[in-house]
**Q** 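Here's a structure for you.
Counting from 1, the numbers follow the sequence of the chain as shown.
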Amino acid sequence: MMIIATISSYQTRTRKVRTPMKPSSEVVNKPISAAVYRKRSSFVSDLMRNHSLYVMFLPVGILLLVFNYLPLAGLIIAFKNYDFARGIFGSPWAQPILNNFDYLLSSDAASRAVRNTILLNGLFIAVGLVFEVGLALMLNEVRNKYFKRITQSITFLPFFISWIVVGVFTYNLLNYENGAINRIVEWLGFQPIDFYSEAGLWPLILTIAIRWKVTGYGTIIYLAALTSIDNSYYEAASIDGASRWQQIRFISIPMLRPTIIILTLLAVGRIMNADFGMFYAMVGDASLLYPTTDVIDTLVYRSLRKSGDIGMASAAGFIQSVVAFVLVLGSNYAARKVDKDSAIF
């Protein structure tokens, strides 16, 4: 009897616990709606909790929207025969649709400008990396704070000088008749050099000019990264007998690698965009120098000034953006293969 009573009570409890299965739609929909509600409530609560930060971001977001995203609609100008009277959306489409790109893809001058843009910017990036990292390492080794501050100020000062002023300085130095360099050359008994007819010299001249102007500015980020390195690394290396050069080689440079990779990736993203102010102020309309100094920006400017073809200028900007985007993706992929933590995304 006790066994029968136990079995019957167990069956009664089992029947009470068992409940009919709900339809699958109800079982699935309830967690999803709850998850959506939790996401919405979490966003609202985060908005309320960090409202001051969102308010601070609001002006930046508006600027990005107005100056970076809304102008993307103007990309269609590259595929249209732009008419000032009809506007962007009223102008007829180009026939064929890629007509504005034909000049950039088939012209010898355009091919030369693309080649010069990539090669010169690549040269600027490589030389700039060596100079900026080297100067940062040297300043980091200086123990006299007054000398360090004076050196930083002197190297940083040229950054605030306009390229127009730099162009005037360069002309006064390189002028064939009255240039300071040619005066020294003549005083030494050599023939003066006509720099403005020797196109082969100008990649070096432009590299020297841009390094003089922006090296101090580029050094700041690397110097800040160096000052953030824990001194215990250097102390431990010094105890083990490492020299200053060994500390730079095995501590400072490896610690700088993430910063170097990120800044190089950002520079590669602008490799198709030449500094128009620098090239036009330094070279101007000296056609003899075009074989090595004519870049996309100066070519588009001259073409737009002569023909007024807005569509061709927009096509050039479109190509620059697409190529830069592909280069950034490729460079970032290569950086992830070397060091995942150093990649941008």
**Q** Do other residues, nucleotides or ligands put more than 12 heavy atoms under 6.0 Å from Phe156 CZ?
**A**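 Yes - once you tally the heavy atoms of other residues, nucleotides and ligands closer than 6.0 Å, there are more than 12.
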**Q** Should we count OH of Tyr171 as having more than 12 external heavy atoms under 6.0 Å?
**A**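 Counting neighbours around OH of Tyr171, 12 or fewer heavy atoms of other residues, nucleotides or ligands fall under 6.0 Å, so no.
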**Q** Can you confirm whether Asn175 sits close enough to Tyr196 that some side-chain heavy atom of one is under 4.5 Å from a side-chain heavy atom of the other?
**A**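 Of all side-chain heavy-atom pairs linking Tyr196 with Asn175, none is under 4.5 Å.
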**Q** Would a hydrophobic clustering, with Ile, Leu, Val, Met, Phe, Trp and Tyr connected at side-chain separations under 4.5 Å, put Ile319 with Met312?
**A**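 Looking at the clustering, Met312 is in the same group as Ile319.
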**Q** Drop me the distance from Arg115's CZ to Leu120's CG, to the nearest 0.5 angstrom.
**A**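 Reported value, rounded in 0.5 Å steps: 9.5 Å.
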**Q** If you round to the nearest 0.5 Å, how far is CD1 of Ile88 from NZ of Lys80?
**A**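 The NZ atom of Lys80 sits 8.5 Å away from the CD1 atom of Ile88.
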**Q** Checking the side chain of Asn99 only, and the main-chain atoms of Gln95 only, is there a donor and an acceptor separated by less than 3.5 Å?
**A**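 Judged by distance alone, no pair lies under 3.5 Å.
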**Q** Taking CZ in Phe325 as the centre, count heavy atoms belonging to other residues, nucleotides or ligands within less than 6.0 Å. Is the count above 12?
**A**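 Counting other residues, nucleotides and ligands, CZ of Phe325 stays at 12 neighbours or fewer.
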**Q** Please tell me if the side chains of Tyr233 and Met255 come closer than 4.5 Å, counting only heavy atoms from C-beta onward.
**A**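 Yes; the side chains approach each other to less than 4.5 Å.
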**Q** How are the rings of Phe84 and Tyr82 set relative to one another: parallel (under 30°), tilted (30 to 60°) or perpendicular (over 60°)?
**A**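 Geometry flag for Tyr82 against Phe84: perpendicular rings.
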**Q** From Tyr217 OH over to Leu157 CG, what is the distance, rounded to the nearest 0.5 angstrom?
**A**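 One gets 15.5 Å once the value is rounded to the nearest 0.5 Å.
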**Q** Do NZ/NE/NH1/NH2 and the carboxylate oxygens of Asp285 and Arg302 come within less than 4.0 Å?
**A**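 Salt bridge absent between Asp285 and Arg302.
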**Q** Counting only heavy atoms not in Ile221, do more than 12 fall under 6.0 Å of its CD1?
**A**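 For Ile221, atom CD1 is not crowded (no more than 12 foreign heavy atoms under 6.0 Å).
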**Q** Are the side chain of Thr264 and the backbone N or O of Ile260 linked by a donor-acceptor pair below 3.5 Å?
**A**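 Flag set: sc Thr264 to bb Ile260 pair under 3.5 Å.
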**Q** Is any side-chain heavy atom of Trp202 closer than 4.5 Å to one of Leu174?
**A**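 They are in contact (side-chain heavy atoms under 4.5 Å apart), so the answer is yes.
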**Q** What do you reckon, is CZ of Arg249 surrounded by more than 12 foreign heavy atoms closer than 6.0 Å?
**A**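 No, because the 6.0 Å sphere around CZ of Arg249 holds 12 heavy atoms or fewer from other groups.
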**Q** Heavy atoms only: give me the nearest Arg112-Pro291 pair and the separation to one decimal.
**A**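 Shortest heavy-atom separation between Arg112 and Pro291 comes out as CD-CA, 3.8 Å.
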**Q** Which pair of heavy atoms, one from Val214 and one from Glu132, lies closest together, and at what distance?
**A**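 Taking Val214 first and Glu132 second, the nearest heavy atoms are O-OE2, 4.1 Å.
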**Q** With a 3.5 Å distance limit and no angle check, can you tell me whether Asp240 reaches the backbone of Ala242 through a side-chain donor-acceptor pair?
**A**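 Not a single qualifying donor-acceptor pair exists.
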**Q** Kindly assign one of parallel, tilted or perpendicular to the pair Phe101 and Phe79, based on the angle between their ring planes and the thresholds 30° and 60°.
**A**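 Phe101 vs Phe79 ring planes: tilted.
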**Q** Nearest 0.5 Å, please: how far is OG1 in Thr293 from CD1 in Ile205?
**A**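 Going from CD1 on Ile205 over to OG1 on Thr293, the span is 10.0 Å.
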**Q** Is there a path of hydrophobic side-chain contacts, each under 4.5 Å between heavy atoms of I/L/V/M/F/W/Y residues, joining Val283 to Ile161?
**A**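 Ile161 and Val283: one cluster.
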**Q** Would you please indicate if the ring centroids of Tyr176 and Phe195 are separated by under 6.0 Å?
**A**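 No; Phe195 has its ring centre 6.0 Å or more from that of Tyr176.
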**Q** For Ile193, is there any backbone N or O sitting under 3.5 Å from a side-chain donor or acceptor partner on Asn182?
**A**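 Indeed, once roles are kept as given, a pair shorter than 3.5 Å links the two residues.
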**Q** Any side-chain heavy atom of Leu139 within less than 4.5 Å of one from Phe147?
**A**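 A side-chain contact is absent here, since even the closest heavy-atom pair is not under 4.5 Å.
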**Q** Regarding Ser252 and Tyr234, is there a side-chain donor-to-acceptor distance under 3.5 Å anywhere?
**A**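 Yes.
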**Q** Taking side chain as C-beta onward, heavy atoms only, is Val323 less than 4.5 Å from Ile271?
**A**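 They are not in contact (no side-chain heavy atoms under 4.5 Å apart), so the answer is no.
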**Q** Do Thr215 and Leu135 have side chains that get closer than 4.5 Å, going by heavy atoms?
**A**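 Yes, close enough: below the 4.5 Å cut-off.
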**Q** For a side-chain contact (heavy atoms from CB on, under 4.5 Å) check, start with the C-alpha distance between Leu123 and Leu119, then their side-chain angles and the critical distance, and finish with the verdict.
**A** CA-CA 6 Å; Leu123 178 64; Leu119 292 179; over 6 Å; no
**Q** Could you tell me whether a side-chain N or O of Lys148 sits under 3.5 Å from a main-chain N or O of Arg143, the two making a donor and an acceptor?
**A**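 Side chain of Lys148 to backbone of Arg143, a donor-acceptor pair under 3.5 Å: no, none is there.
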**Q** Are the side chain of Asn116 and the backbone of Asp294 linked by a donor-acceptor contact shorter than 3.5 Å?
**A**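 Checking the backbone N and O of Asp294 against the side chain of Asn116, a donor-acceptor pair under 3.5 Å is found.
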**Q** Under the criterion side-chain contact (heavy atoms from CB on, under 4.5 Å), I'd like the reasoning laid out for Ile253 against Leu137: C-alpha separation, chi angles, the key distance, then a yes or no.
**A** CA-CA 9 Å; Ile253 295 179; Leu137 290 172; 4.2 Å; yes
**Q** Would you say the side-chain atoms of Gln247 and Arg244 include a donor-acceptor pair closer than 3.5 Å?
**A**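 Side chains of Gln247 and Arg244: pair found under 3.5 Å.
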**Q** Considering non-hydrogen atoms only, spot the tightest contact between Leu288 and Ser197 and give its length.
**A**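 Of all heavy-atom pairs spanning Leu288 and Ser197, the closest is CD1-CB, 3.8 Å.
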**Q** Would you find more than 12 non-hydrogen atoms of other residues, nucleotides or ligands less than 6.0 Å from Asn144 atom CG?
**A**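 Yes.
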**Q** If every non-hydrogen atom of Ala335 is compared with every non-hydrogen atom of Ile261, which pair is closest and at what distance?
**A**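 Reported closest heavy-atom pair: CB-CG2, 3.6 Å.
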**Q** Go through the steps to decide whether Phe57 and Asn50 satisfy the test side-chain contact (heavy atoms from CB on, under 4.5 Å), and finish with yes or no.
**A** CA-CA 11 Å; Phe57 172 75; Asn50 301 312; over 6 Å; no
**Q** Can a donor-acceptor pair be found between the side chains of Tyr222 and Asn140 at a distance below 3.5 Å?
**A**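 Result is no, nothing qualifies.
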**Q** Looking only at non-hydrogen atoms, find the nearest pair between Thr227 and Ala224 and report the distance.
**A**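 Smallest heavy-atom distance, with atoms named: OG1-O, 2.8 Å.
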**Q** Report yes if some heavy atom in the side chain of Asn178 is under 4.5 Å from a heavy atom in the side chain of Arg183; otherwise report no.
**A**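 They are in side-chain contact.
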**Q** Go through the steps for Leu289 and Glu198 under the test side-chain contact (heavy atoms from CB on, under 4.5 Å), then give the verdict.
**A** CA-CA 7 Å; Leu289 304 180; Glu198 297 290 339; 5.9 Å; no
**Q** Determine, for Phe124 and Arg211, whether the Lys NZ or Arg CZ falls below 6.0 Å from the six-membered ring centre while staying within 45 degrees of the axis.
**A**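 No, a cation-pi geometry is absent between Arg211 and Phe124.
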**Q** Using 0.5 Å steps for rounding, measure from the OG1 atom of Thr259 to the CG atom of Leu223.
**A**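 If I round to the nearest 0.5 Å, the distance is 11.5 Å.
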**Q** Between atom CG of Leu204 and atom OG1 of Thr292, what is the distance when rounded to the nearest 0.5 Å?
**A**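 Spacing of CG (Leu204) from OG1 (Thr292) equals 11.0 Å.
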**Q** Any idea which heavy atoms bring Met282 and Ala209 closest together, and the distance?
**A**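 Reported closest heavy-atom pair: CE-CB, 3.6 Å.
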**Q** Please say yes or no: joined through hydrophobic side-chain contacts below 4.5 Å, possibly via intermediate residues, are Ile181 and Phe190 part of one cluster?
**A**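 In one cluster with Ile181: Phe190, yes.
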**Q** If hydrophobic clusters are built by linking Ile, Leu, Val, Met, Phe, Trp and Tyr wherever their side-chain heavy atoms come under 4.5 Å apart, do Leu329 and Ile262 end up in the same one?
**A**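 Yes, Leu329 connects to Ile262 through the hydrophobic network.
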**Q** Indicate, with yes or no, if Tyr280 and Val168 share a hydrophobic cluster defined by side-chain heavy-atom contacts under 4.5 Å among Ile, Leu, Val, Met, Phe, Trp and Tyr.
**A**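 No; Tyr280 is not reachable from Val168 via cluster members.
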**Q** Between Asp297 and Phe279, is any pair of side-chain heavy atoms under 4.5 Å apart?
**A**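 No, too far: nothing below the 4.5 Å cut-off.
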